[in-house]
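Read the structure below first, then the notes.
Order of listing sets the numbers, starting from 1, for every ligand and every atom in it.
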Amino acid sequence: MKILITDPLAEEGMERLRCEEGFEVRKKVGLKEEELINLIADYHALIIRSETKVTRRVIEAARNLKVIGRAGTGVDNIDIESATKKGIVVMNAPEGNTISAAEHTISMMLALSRNIPQANASLKRGEWDRKKFMGTEVYGKTLGIIGLGRIGREVARRAQGLKMRVVAYDPFISKEKAEEMGVCLLSLEELLPQVDFLSIHTPLTSQTRGLIGEREISLMKRGVRIINCARGGIIQEDALYQALKAGKIKGAALDVFEKGKPFDSPLLKLDSVILTPHLGASTEEAQKRVAMDIATQVIDFLKYGRIRNAVNFPAISSQVQEKITPYLSLAERIGNLEAQLVEGHPIQVEVIYRGELASFEVTPLTRALIKGMLSFALPEVNYVNASILARERGIKVVETKTLEAEDFTNLISVKLLTDKEEKRIDGTVFEGKVPHIVRIDDYSLDFVPQGDFLICANVDRPGVVGKIGTVLGSYQVNISGLRMGRKTPGGKNVSVYSLDNSPPAEAVKDLLKIKEILKVKVVRL
Ligand code: NAD
Ligand code: MLT
């Protein structure tokens, strides 16, 4: 496995990767897009922080890439859509730098309220000016937090320790959850006029880009102070500059900027602005943690297929992952079998999860099912891109759960509708680990879906099995097992022959000459 690291990563993480048998680790920091494009083709994993931009062109050039690991939280420097389409897992290490980012925010707020950086610079210039740097207490003031996630919450706790009143805006958390933290959850319009300090803690997304602009600033009190240690671009810098110049905003503390490095920004010229060069996570502790976290996650994924903190794959805990692994295999095989048995172009896949499965997070199972189904036509399909590839091909996926499982404790029931027919296949897992197919269309049967098979629909008459055996024997194909499903004697049946080797096309032609045989499919699972 070849691992490329293109941003500074703490030595502990580097060492963790280097110690892994079969891993070849290379670090190359400060690459331009073109240089990364020229280098990426050979690598299986790319590890970055915030400096490297993983663009669509980089992803297109990445022939072997399986995983992009972000040592930190923000993934706005990665083209996730392109990575997902290509089946590349994007994972971050979001927990390790939470405390550092929260502490930096509090430091920025206190520095802002007491003009510490400005006073420090003034004294170093040989001035002794106490009036100019009159500050304000944070005690008893209102702090507004936008984005009450990991960092927002830690900031809230620390601000409460400073005896501030904390209010927040976050449309994705409940009022009750906020109240448990002693935080009053408000709409943005309610929050803005109340706050003395405003701190941003959302990711940069299409909804948060430009979230704080002229209109929002006009709703704030005169003299408000703003801190942004989240992402540049959430506050519109033009509007911020105008409001600072007009004195509407008393001061701003920024760790992140619209343009990565703000050297051309007029904000640099304002005394009321204090700036740090993206230092929120720059502590020894945070860097050690995120480097170790991402190294371990990348190793676990490349070696054991375990996916943690993926931003383009549904989150599943390790306990749930252990439980659903046999079902992943079952779902994939059902999808695979459907694709090999059905005639025509798929239009809709309807999957029903029955019994104990109904209590699981089933999205990964549906992805496994689609992966199995598309893998014949699209070798590049994997768990990450399966849903996108199905959608792109106009295949509708309908997922339902029910506690009723007919005669089984768990059952995956799949109906594939094509422009020519509809095929139903049901499967279950026995003894917690062995996948079994228990139904094809209206026929109940039971076989383990692994190996080579001949699946026949034929009229249920004496001697048919013998005739099939004779044809297969004449092509040196040995039958190792037979399972049959029928509704009424003398009617139609479906028989599944397990084979030691796959029959050639001529054998299938000969089988179709047997008058009782209605349909034959050779299947490999
Ligand atoms: P998180 O995902 O735990 O929290 C983000 C919160 O924002 C969530 O609660 C979410 O519901 C909320 N949110 C999303 N969209 C919103 C919207 N439109 N309006 C209001 N709230 C919205 O993330 P986190 O780990 O707390 O990180 C927060 C930010 O800090 C991210 O942008 C991250 O990249 C950044 N960060 C910066 C540094 C740094 O060095 N300056 C370090 C770590 C993280
Ligand atoms: C993050 O999102 O984790 C931060 O921006 C920290 C960093 O990458 O240094």
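Nearest non-hydrogen protein atom to atom 15 (N) of ligand 1 is Phe172 CE1, 3.5 Å. Among protein heavy atoms, atom 9 (O) of ligand 1 sits closest to Asp170 OD2, 2.6 Å. Of the protein's non-hydrogen atoms, Ala281 CB, 3.5 Å is the one closest to atom 6 (C) of ligand 2. Shortest contact from atom 38 (C) of ligand 1 to any protein heavy atom: Cys229 O, 3.8 Å. In this structure, the protein non-hydrogen atom closest to atom 23 (O) of ligand 1 is Arg150 NH2, 3.7 Å. Closest protein heavy atom to atom 35 (C) of ligand 1: Ala230 O, 3.6 Å. Of the protein's non-hydrogen atoms, the one nearest atom 5 (C) of ligand 1 is His201 O, 3.5 Å. Among protein heavy atoms, the minimum distance from atom 27 (O) of ligand 1 is reached at Ile151 CD1, 3.4 Å. Protein heavy atom in closest approach to atom 20 (C) of ligand 1: Pro171 CD, 3.3 Å. Nearest protein heavy-atom neighbour of atom 3 (O) of ligand 2: Thr73 N, 2.6 Å.
Within 6.0 Å of CD in Glu81 there are 12 or fewer heavy atoms belonging to other residues, nucleotides or ligands. Around CZ of Arg393, the count of heavy atoms belonging to other residues, nucleotides or ligands within 6.0 Å exceeds 12. For Glu34, the CD atom is densely surrounded, since the number of other residues' heavy atoms within 6.0 Å is greater than 12. Annotation: Lys163, atom NZ; neighbour count of heavy atoms from other residues, nucleotides and ligands within 6.0 Å does not exceed 12. In the displayed structure, Lys86 atom NZ is contacted under 6.0 Å by more than 12 heavy atoms of other residues, nucleotides or ligands.
Heavy-atom proximity to Gly74, at under 4.0 Å, picks out these atoms of ligand 1: 34 (O). Atoms of ligand 2 found under 4.0 Å from any heavy atom of Gly72 (numbered from 1 in listed order, with element): 3 (O). The contact set between ligand 1 and Asn97, taken as ligand atoms under 4.0 Å from a residue heavy atom, comprises 43 (C). Close contacts between ligand 1 and Thr208 involve ligand atoms 15 (N), 16 (C), 17 (C), 18 (N) [criterion: under 4.0 Å to a heavy atom]. Of all atoms in ligand 1, numbered sequentially from 1 with element shown, those under 4.0 Å from a heavy atom of Ala101 are 42 (C), 43 (C). Numbered from 1 in the order shown, with element, the atoms of ligand 1 that lie under 4.0 Å from a heavy atom of His278 read 39 (C), 40 (O), 41 (N). Residue Pro203 has at least one heavy-atom neighbour below 4.0 Å for each of these atoms of ligand 1: 5 (C), 7 (O), 14 (C), 31 (C), 32 (O). Which parts of ligand 2 touch Gly74 is read off a 4.0 Å heavy-atom cut-off, strictly below it: atoms 1 (C), 2 (O), 3 (O). Shown in contact with Arg231 at under 4.0 Å from a heavy atom are these atoms of ligand 1, numbered in order with element: 32 (O), 34 (O), 37 (C).
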Item to check | CA sep, side-chain torsions, deciding dist, call: Lys221, Asp196, side-chain contact (heavy atoms from CB on, under 4.5 Å) | outcome: CA-CA 7 Å; Lys221 281 186 202 168; Asp196 303 294; 2.8 Å; yes
Item to check | Ser122 and Arg125: CA distance, side-chain angles, deciding distance, side-chain contact (heavy atoms from CB on, under 4.5 Å) verdict | outcome: CA-CA 5 Å; Ser122 155; Arg125 282 195 302 269; 3.7 Å; yes
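In terms of modelled atom types and a separation under 3.5 Å, the side chain of Asn410 and the main chain of Val429 share a donor-acceptor contact.
At a 3.5 angstrom cut-off on N or O pairs, Thr98 does not count as close to ligand 1. When only interatomic distances are considered, the shortest N/O to N/O separation between Ala281 and ligand 1 falls below 3.5 Å.
Glu285 has no carboxylate O lying under 4.0 Å from a charged side-chain N of Arg289, or vice versa, which leaves the two without a salt bridge. With respect to the salt-bridge test (charged N to carboxylate O, under 4.0 angstrom), the residues Glu35 and Lys28 do not qualify.
Under 4.0 angstrom from ligand 1, the non-hydrogen atoms of Leu148 all belong to its backbone. Contacts with ligand 2 closer than 4.0 Å are made by side-chain heavy atoms of Asn97 only, the backbone lying farther away.
How far CD of Glu216 is from CD of Gln236: 7.0 Å, rounded to the nearest 0.5 Å. Residue His201 holds its NE2 atom at 12.0 Å from OG1 of Thr73, rounded to the nearest 0.5 Å.
Between Tyr353 and Thr366, the side chains place a donor N or O and an acceptor N or O closer than 3.5 Å (distance only, hydrogens not considered). There is no side-chain donor-acceptor pair under 3.5 Å between Ser113 and Lys141.
In this structure, the side chains of Lys53 and Glu33 stay at 4.5 Å or more apart for every pair of heavy atoms.
Not close to ligand 1: Gly72, with no non-hydrogen atom less than 4.0 angstrom away.
Considering Arg367, Glu332, Lys371 in turn, Glu332 is the only one that fulfils the side chain to side chain donor-acceptor pair (under 3.5 Å) rule with Tyr383.
With distances taken over non-hydrogen atoms, the option nearest atom 9 (O) of ligand 2 out of Arg49, Glu51, Arg231 is Arg49. Here atom 32 (O) of ligand 1 lies nearest to Thr202 when heavy atoms of Thr202, Thr205, Leu204 are compared. Considering only non-hydrogen atoms, atom 8 (O) of ligand 2 lies nearest to Arg70 out of Gln287, His278, Arg70, His104.
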